[in-house]
Amino acid sequence: MTHPADSVVRRAAEVLAAKRADAEAELAALEAPPDASGGISFGKRVGDGTAIAVERLAQVAVHDGITALLADVRRAQAKVEDGTYGHCDRCGAAIPEERLDARPWATLCVSCASSSA
Ligand SMILES: [Zn+2]
């Protein structure tokens, strides 16, 4: 087993911590009650509701994306902790550093990630 260099893991840990904070803040903003952000309220014209509903749908999609990302980030952080960071969760193969560079939260090698997609 080839492990990523310590410097790679340390850098990834920093990126993951920052990414997690970002994602959690975005989720908190999305989960805030609509009223708090000027959403649905009485007294608006009919039709505003439709636009708001569409906007909510878009937010749900964004929310799902962030939730999935956050799960990956947490998993990657756990892998840093237990020393398996940089190895595929499914097959155990080393994940190339270029991939970790682009997606520090990657927990699957390229072939496992593409076969699960
Ligand atoms: Zn794999």
Might you point out which heavy atoms bring [X] and [Y] nearest each other, and give the distance in Å?
X      : Y      : value
Arg103 : Asp72  : NH2-OD2, 4.1 Å
Glu97  : Ala5   : OE2-N, 4.1 Å
Cys109 : Arg99  : C-NE, 4.0 Å
Val80  : Ala13  : CG1-CB, 4.3 Å
Ala106 : Leu100 : O-CD2, 4.1 Å

Same hydrophobic cluster for [X] and [Y], using side-chain heavy-atom links shorter than 4.5 Å among ILVMFWY?
X     : Y      : result
Val73 : Ile66  : no
Val62 : Leu69  : no
Leu70 : Leu30  : yes
Val15 : Leu108 : no

At what distance, to the nearest 0.5 angstrom, does CD of Glu55 lie from CD1 of Ile52?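 Answer rounded to 0.5 Å: 7.0 Å.
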
For Val110, the rest of its hydrophobic cluster, which grows through side-chain links under 4.5 angstrom: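 Traced through the cluster, Val110 reaches no other member.
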
Determine the sole option in Asp89, Val9, Ile95 for which the side chain to side chain contact (heavy atoms under 4.5 Å, CB included) test with Lys79 is passed.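 Only match with Lys79 under side chain to side chain contact (heavy atoms under 4.5 Å, CB included): Asp89.
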
Taking only residues two or more places apart in sequence or in another chain, which ones pass salt bridge (charged side-chain N to carboxylate O under 4.0 Å, His left out) with Asp22?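 Testing Asp22 for salt bridge (charged side-chain N to carboxylate O under 4.0 Å, His left out), a comparison that skips the adjacent residues, returns none.
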
Keeping Arg74 on the side-chain end and Arg20 on the backbone end, is there a donor-acceptor pair under 3.5 Å?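 No, because the side chain of Arg74 does not come within donor-acceptor range (under 3.5 Å) of the backbone of Arg20.
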
Is Tyr85 reaching over with its side chain to a backbone N or O of Pro104, donor-acceptor style, under 3.5 angstrom?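 Such a contact is found between Tyr85 side chain and Pro104 backbone.
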
Considering only heavy atoms from C-beta outward, does the side chain of Glu81 approach that of Gln77 to under 4.5 Å?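 No - every pair of side-chain heavy atoms lies 4.5 Å or more apart.
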
